[in-house]
Visitor: 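So that we are looking at the same thing, I have put the structure below in structure tokens.
The structure presented is a predicted model; accordingly, all values stated were derived computationally and were not measured.
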Amino acid sequence: MTGFPQFPADFVWGVATASYQIEGAVTEDGRGPSIWDTFSHTPGRTDNGDTGDVADDHYHRSDEDLDLMAGLGVDAYRFSIAWPRIQPTGSGPANQRGLDFYDRLVDGLLARGITPAATLYHWDLPQALEDRGGWLQREIPERFAEYVALVADRLGDRVGYWITLNEPFVVTAFGYALGTHAPGHRLLAGAFPVAHHQLLGHGLAVQALRGVAGRVGVTNALAPVHPASSSPEDELAAGVLDLLHNRTYNDPLLTGRYPDELAAVYRGADLSVIRDGDLSLISAPLDFLGVNFYNPHRVRAGGPEQLGTEIVEYPGAPTTAMGWPVVPEAFTELLTGLVTQYGCALPPIYVTENGAAYDDRPDPDGRVQDDDRIAYLDAHLRAVHAAMAAGVDVRGYFCWSLLDNFEWSEGYDKRFGLVRVDYDTLRRTPKASYDWYRAVIASGDGS
Ligand code: GBH
């Protein structure tokens, strides 16, 4: 591709998905219910009452989806493993039929020359564990490590990258603090134990993965935070959101310490959940840090129900169908800022998600000419390249997402795919962005 920056020959090009967003088949082969089954079936929780019952029916169409990946020429595929398929009630022996599905998927990837990148927790907690208090309870990290050991036992010889958790920030904030994601609690700062227990679960999972062939990391949702003005109140609000969003997770993982301002920001939260020894487990060395980036945040001082921060618009920035501002230069800022903040403590980075929802309009012949998505991806890849030119060790990029899918509380109306899914027929149709990404990968691989 002329004019497109050259990435290193060994740069890993990938696409990403997550179990509940694509699989469907929610009662098949012994799968137990997850908090997302419960949440999406509760009236008023998702747009149009959409659920993941069928989703993309990927569970029955994985061969077709593997062929779509092979057609793109990706080096790696990031998928997630549904804990309730492996342990239908969150504990006890492995459900072999659940493991069989991922076993076949992994072999299907390897047969096509695609490296499997498995996320172990992308938000579908077994409902039975939520019934015992979910991530608020210290028992859950232990259960998580047991589940991880079962998966490692079966797939540990073939998975190239392990991602323990997807975006622990989003689970804490949307699942337990604000209640817009499963399991739907509104605890505000009281959700802090959810952050700590996920991090502890990560640390225990790293131990359980000792001996596997692949590299081990964790994925954080990261966003630079900009104050709306230089007033002390807005500067303070920006610091608070940076702590809630980024530093609550990056600091303990990379430095073995929580930020000093932790108690002041999570006022009233139970910090006694942090016990001796936890932080050394949490900060076990990582082979890589997964970074998901969509947009930065601009904030001003806000009320207590927003923990003192209020997100405001970026003047002049276009927005995606999610209403998220498009500010690609913030991606370069984020990546270079990680080096400034963490220095030698920063492991190699993989961008494990980046992408955009747009209001795709198929032509009469069914073709989607999604120039807005192509422009988003193009600008963000250039931003990654600029960070690499400035010295940031970025090893790969996974586009979110291969397919249109169940966008959590926003249901099926929000489409992030390189491939369109017709939810009546479940037919897959590659969009223009699919062809564009294939060309990017081909030029990156030197062809
Ligand atoms: C990811 O989360 C998920 O891992 C994935 O499952 C999901 O489908 C995908 O992204 C797309 O949503 O309106 O400015 O406040 C994304 C995490 C957190 C990114 C909230 C955007 C809010 C934007 N997101 N953030 S704003």
Visitor: Do the non-hydrogen side-chain atoms of Ile274 and Leu262 ever get within less than 4.5 Å of each other?
Guide: yes

Visitor: Contact between Tyr358 and Arg415 at the side-chain level, heavy atoms closer than 4.5 Å - yes or no?
Guide: no

Visitor: What orientation do His380 and Tyr376 show, parallel under 30°, tilted 30 to 60°, or perpendicular over 60°?
Guide: parallel

Visitor: Please name the pair of heavy atoms, one in Ile163 and one in Arg78, separated by the smallest distance, quoted to 0.1 Å.
Guide: CD1-NE, 3.4 Å

Visitor: So which atom in Pro348 and which in Asp287 form the shortest heavy-atom distance, rounded to 0.1 Å?
Guide: CD-O, 3.5 Å

Visitor: Report yes or no: does His385 contribute a side-chain atom to a donor-acceptor pair with the main-chain N or O of Leu381 at less than 3.5 Å?
Guide: no

Visitor: With ring-ring contact (aromatic ring centres under 6.0 Å, His included) as the test, would you mind laying out the steps for Trp13 and Phe398 before giving the verdict?
Guide: CA-CA 6 Å; Trp13 296 99; Phe398 294 73; over 10 Å; no

Visitor: Taking it one step at a time, do Arg428 and Asp65 satisfy salt bridge (charged side-chain N to carboxylate O under 4.0 Å, His left out)?
Guide: CA-CA 9 Å; Arg428 279 94 161 116; Asp65 294 339; 2.8 Å; yes

Visitor: With heavy-atom distances below 4.5 Å as the criterion, would you say the side chains of Phe39 and Glu130 are in contact?
Guide: no

Visitor: How about Thr51 and Tyr20: do any of their side-chain heavy atoms sit closer than 4.5 Å?
Guide: yes

Visitor: Does a sphere of radius 6.0 Å around CZ in Arg247 hold more than 12 heavy atoms from other residues, nucleotides or ligands, not counting ones at 6.0 Å or beyond?
Guide: yes

Visitor: Going by heavy atoms in the side chains, are Leu155 and Tyr102 under 4.5 Å from each other?
Guide: yes

Visitor: Looking at every heavy atom in both Gly366 and Thr429, which two are closest together, and how far apart are they?
Guide: O-CG2, 4.0 Å

Visitor: Phe174 vs Trp408, test: ring-ring contact (aromatic ring centres under 6.0 Å, His included). Steps then yes/no.
Guide: CA-CA 11 Å; Phe174 297 123; Trp408 307 112; over 10 Å; no

Visitor: Does either side chain, that of Tyr294 or that of Thr320, offer a donor lying less than 3.5 Å from an acceptor on the other one?
Guide: no

Visitor: Give a yes or no on whether the ring-centroid distance for Tyr258 and Phe192 is below 6.0 angstrom.
Guide: yes

Visitor: Is the count of non-hydrogen atoms from other residues, nucleotides or ligands lying under 6.0 Å from Arg112 atom CZ greater than 12?
Guide: yes

Visitor: Please give me the minimum heavy-atom distance between Trp436 and Leu377, naming the atom from each residue.
Guide: CZ3-CB, 3.5 Å

Visitor: May I ask you to establish whether Arg85 and Tyr59 are in a cation-pi arrangement, using a distance under 6.0 Å from NZ or CZ to the six-membered ring centre and at most 45° from the ring axis?
Guide: yes

Visitor: For Phe406 versus Trp36, what's the shortest heavy-atom pair and its separation?
Guide: CE2-CE3, 4.1 Å

